[in-house]
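This report refers to the structure that appears directly beneath it.
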Amino acid sequence: MDCGQSAAGRCLIYNRFLIVRLSITRQSMYNSGQKLDWQAVAPPPDTKPPAPLTMRAQSLPPRSYFPEHAHDWGQLVYAISGVLTVTIVGRSFVISPEQAVWLPSGIIHRVGSLLGAEFRSLWIASEAGVGFPREPTVHAVGPLLKALIAETVDLRSNENDRGYAGRVTDLILDQLRRAAPIPAALQWPQGEVLAGLCAALYADPADARSAEEWARELGMSSRTLTRRFEAEIGMSLRSWRRRMRLFKAVELLGGGMDVTSVALELGYGSPSAFIYAFRTEMGMPPQAYMNRAS
């Protein structure tokens, strides 16, 4: 498009629209099977059926995914850093290192990462998962369980110490039986257009465009966008964006970013505004939350 001075404003809007549409088109291709930038990854070659527990450790590059599959055993989907997008029938959501997803045997699922993650997942034999939920469930992951999951990576290189490995395994299973289910941290739409919209906002949480502005750029009415968003996710775009920013806040704080930098990254007007929003939703200021989680 030729941008003369008199058309500078229109050109800016047009170029911004192209950027948004490109993001949505890429995500749409991923959801529909035409994975433009996404790459399928295979599990580590040394994985075996669990007896009773097997650790899977793998680095997921940005825009990578495990294709849809199911297991004859249970799986705890988890990452020690980065975030994972977990998709099962009728649901799609994002988890941070503070959450894990329990998948009973036979559940068809897909796991990917938009920005990259350190995948540390557990396969658990059916007989060892007695007492576990029979439906896919999101659990909080506390410091002890995090440490135990990390320890299982070292156990693989010291198979002679089976007594210690057995004790660690028993502790992990006990922790999982005691874990209380929580709502998914960040619901994610499965429809092509809304998934692209959420991907764009997740990549730039400081984007302050309203639902009306997004609707215009997506070529629909604000009422249609609102109705579709609530139908797919169960909340408004405004509520989802607020939850997404808090989700990103926990991720960034956990990665060592200071409160002021997080506030700017998320688009808050000041650190105090971010602290107020965080305390309102989480019941404590950011630093206290991270101290409790460490």
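Between R134 atom CZ and S105 atom OG the span is 11.0 Å, to the nearest 0.5 Å. Here the CE atom belonging to M244 is positioned 14.5 Å from the CD atom belonging to Q187, to the nearest 0.5 angstrom. Annotation: the span from S221 atom OG to R227 atom CZ amounts to 6.5 Å, rounded to 0.5 Å. Distance NE2/H71 to OG/S126: 11.5 Å, rounded to 0.5 Å. Atom CD1 of residue I107 and atom CD of residue Q75 lie 11.5 Å apart, to the nearest 0.5 angstrom.
Taking 4.0 Å as the cut-off between side-chain N and carboxylate O, K248 and E265 do not count as a salt-bridged pair. Between E281 and R243, no side-chain nitrogen of the basic residue sits less than 4.0 Å from a carboxylate oxygen of the acidic one, so the salt-bridge criterion is not met. Between D170 and R167 there is no salt bridge, since none of the side-chain N atoms of the basic residue sits less than 4.0 Å from a carboxylate O of the acidic one.
Looking at S261, its side chain never comes within 3.5 Å of a backbone N or O of M257 through a donor-acceptor pair. Between the side chain of E217 and the backbone N or O of W214 there is no donor-acceptor pair closer than 3.5 Å. Between the side chain of S64 and the backbone N or O of Q39 there is no donor-acceptor pair closer than 3.5 Å. Under a 3.5 Å cut-off, the side chain of R245 and the backbone N or O of P205 do form a donor-acceptor pair.
Using modelled atom types and a 3.5 Å distance limit, the side chains of T87 and Q190 yield no donor-acceptor pair. Side chains of Y78 and E118: a donor-acceptor N/O pair is absent below 3.5 angstrom, by distance only.
Between I95 and A100, the shortest heavy-atom distance links the atoms CD1-CA, 4.1 Å.
Between F119 and F66, the gap from one ring centroid to the other is short of 6.0 Å. The aromatic ring centroids of W102 and H139 lie 6.0 Å or more from each other.
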From CA spacing to verdict: side chain to side chain contact (heavy atoms under 4.5 Å, CB included), I172, L122:
CA-CA 10 Å; I172 289 175; L122 301 178; 3.8 Å; yes

I'd like to know whether L194 forms a side chain to side chain contact (heavy atoms under 4.5 Å, CB included) with F229, so could you lay out the CA-CA distance, the side-chain angles of the two residues, the decisive distance to 0.1 Å, and finally the verdict.
CA-CA 7 Å; L194 295 191; F229 213 91; 4.0 Å; yes

